[in-house]
There are 2 protein chains.
Amino acid sequence: MNVSLQSSKVYIEIVKQLREMITNNRLKPGDRIPSERELSERLNAGRSSVREALRALELLGLIETRRGEGTFVRDFRGHQLVQLLSTFILQDEKAKQDVAETKYFIEMDCLRLALVRLEENSLQLLKDKIHHVNFSEDEFFYRIIELADNHLFLRIWIILKDYYRSLYIDEPQFVKADYVHLLRGLEEKDVDKTVNAYRKLRNLSILTDTN
Amino acid sequence: MNVSLQSSKVYIEIVKQLREMITNNRLKPGDRIPSERELSERLNAGRSSVREALRALELLGLIETRRGEGTFVRDFRGHQLVQLLSTFILQDEKAKQDVAETKYFIEMDCLRLALVRLEENSLQLLKDKIHHVNFSEDEFFYRIIELADNHLFLRIWIILKDYYRSLYIDEPQFVKADYVHLLRGLEEKDVDKTVNAYRKLRNLSILTDTN
DNA sequence: GAGACAAACGTGGTCTGACCACTGTTATAT
DNA sequence: ATATAACAGTGGTCAGACCACGTTTGTCTC
């Protein structure tokens, strides 16, 4: 912390240290964080710097402070994500378009990722899905995004999906053949085939890749 | 501020005051905020409290501070998302990886979009950028994302960029040749060339597309 | 007068020490 | 055993002191 090479600000370093501390010690919401004075000593920093870091995290809602008691990790599983996004999404027509576009691209990204990280049995599961009577497009892609194994993409996608559904009420028709092609592409680990199948499936023309 | 009736914390009050100050004075991104010492006087608060507020806003990405110069309002489009993302960022190492990966993919998506929506003069602007002495990777890609003309991507990217910067302190080295290739790909509207140039630029191996 | 250099000033960055208010624990008196 | 008082620990806040850095100003030189 006190090291000279340190170009970054101290409070930023402390934020990082705290993050590590929370993960390494498996601290869960409700658990207590060392006191400001103790952190100050342990991290070789002034208490004011520690406080700057803590206040920032507090404003972010990551920790909670109770005078006389201490500082605690907060329960941040609150899924009020959609609400917040909604504040700026429902603007103009262009925004709706962006939602769809972004969703498509992320799905495509995840297909590419899934292509690399795919395993045998998971493919079978997808096959079962499309042959099932109660096929759900969202469930299908949810599984794809999961296979991509990128939590951030998953979160973003879920939000986008909800908006997408609220913006475009018309249920997309299920063309089984398109999905079959998609799965075949995945099975053969053929990027082009997979991506093209996806485009066909979504009726995408502008987002052409095959120049 | 110092009044007893004030149950809320001082730094929270300062945050509110600052928000009012920014809106009332119509402060725009790039505009300067009074110095810490002046705020301390004007708001009847200690400088440390003022700093706690400022640091918190800084971590949120709402303001920017430059030592020796001052504190400035920042472009805070979509800052609400920061809060959300941050909640889960602090979890595991995998999350960091996801941030990087997501950022890369979105940049690649926007390259694909820019490829379609590109115009003459904007390409020239990019060329100027990479030949400029003060080249900034972030600025370059910001422009790319803008060209993609998808506001949602832009918002997400800005947040990811900030986190990326805070997670990976090591500045990426600027290999001009890679950027030249990238621009050439854009110029020729060649998707594969562009994408491959980007991969080279980022040293991406896992995200292989060219099966 | 124009330009180069140096000093002064203003700014954020950090630390220390001092209080205060509040909470929980411990020791004490009843 | 219970109620009360003292204590220790914690966050909340402030004031003052440096430092590092950038800008401005002023002076000197040519």
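Order of the sequence lines fixes the chain letters, A, B, ..., with proteins taken first and strands second; residue numbering starts at 1 for each chain.
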Show me, pair by pair, the donor-acceptor contacts under 3.5 angstrom made by side chains of residues 26-33 of chain A, not counting sequence neighbours?
residue, atom, partner, partner atom, Å
Arg26(A), NH1, Thr23(A), O, 3.4
Asp31(A), OD2, Lys28(A), N, 2.8
Arg32(A), NE, Glu69(A), O, 3.3

With Ser49(A) via side chain to side chain donor-acceptor pair (under 3.5 Å) - residues at least two apart: none

Atom-to-atom span, CD of Glu13(B) to P of dT13(D) - whole angstrom: 10 Å

Backbone of Leu115(A) reached by a side-chain donor or acceptor of Lys189(A) within 3.5 Å: yes

Carboxylate-amine/guanidinium contact Glu107(A) Lys103(A), below 4.0 Å: yes

Whole-Å distance separating the CD atom of Glu64(A) from the P atom of dT23(C): 14 Å

Gap between atom OG1 of Thr194(B) and atom CD of Glu187(B) - 0.5 Å precision: 10.5 Å

Contact pattern, 5' to 3', of nucleotides 5-11 of chain D - B, S or - by protein heavy atom under 4.0 Å: ----BBB

N-O pairing of Glu137(B) and Lys161(B) below 4.0 Å: no

Whole-Å gap separating C1' (dT13(D)) and CD1 (Ile14(B)): 10 Å

Distance in angstrom units between Ile63(B) CD1 and dG13(C) P, rounded: 9 Å

N or O in side chain of Ser49(A) less than 4.0 angstrom from dC15(C) OP1/OP2: yes

Spacing between Asn44(A) atom CG and dT14(C) atom P, to the nearest angstrom: 14 Å

Between dC14(D) (C1') and Glu52(B) (CD): distance, integer Å: 11 Å

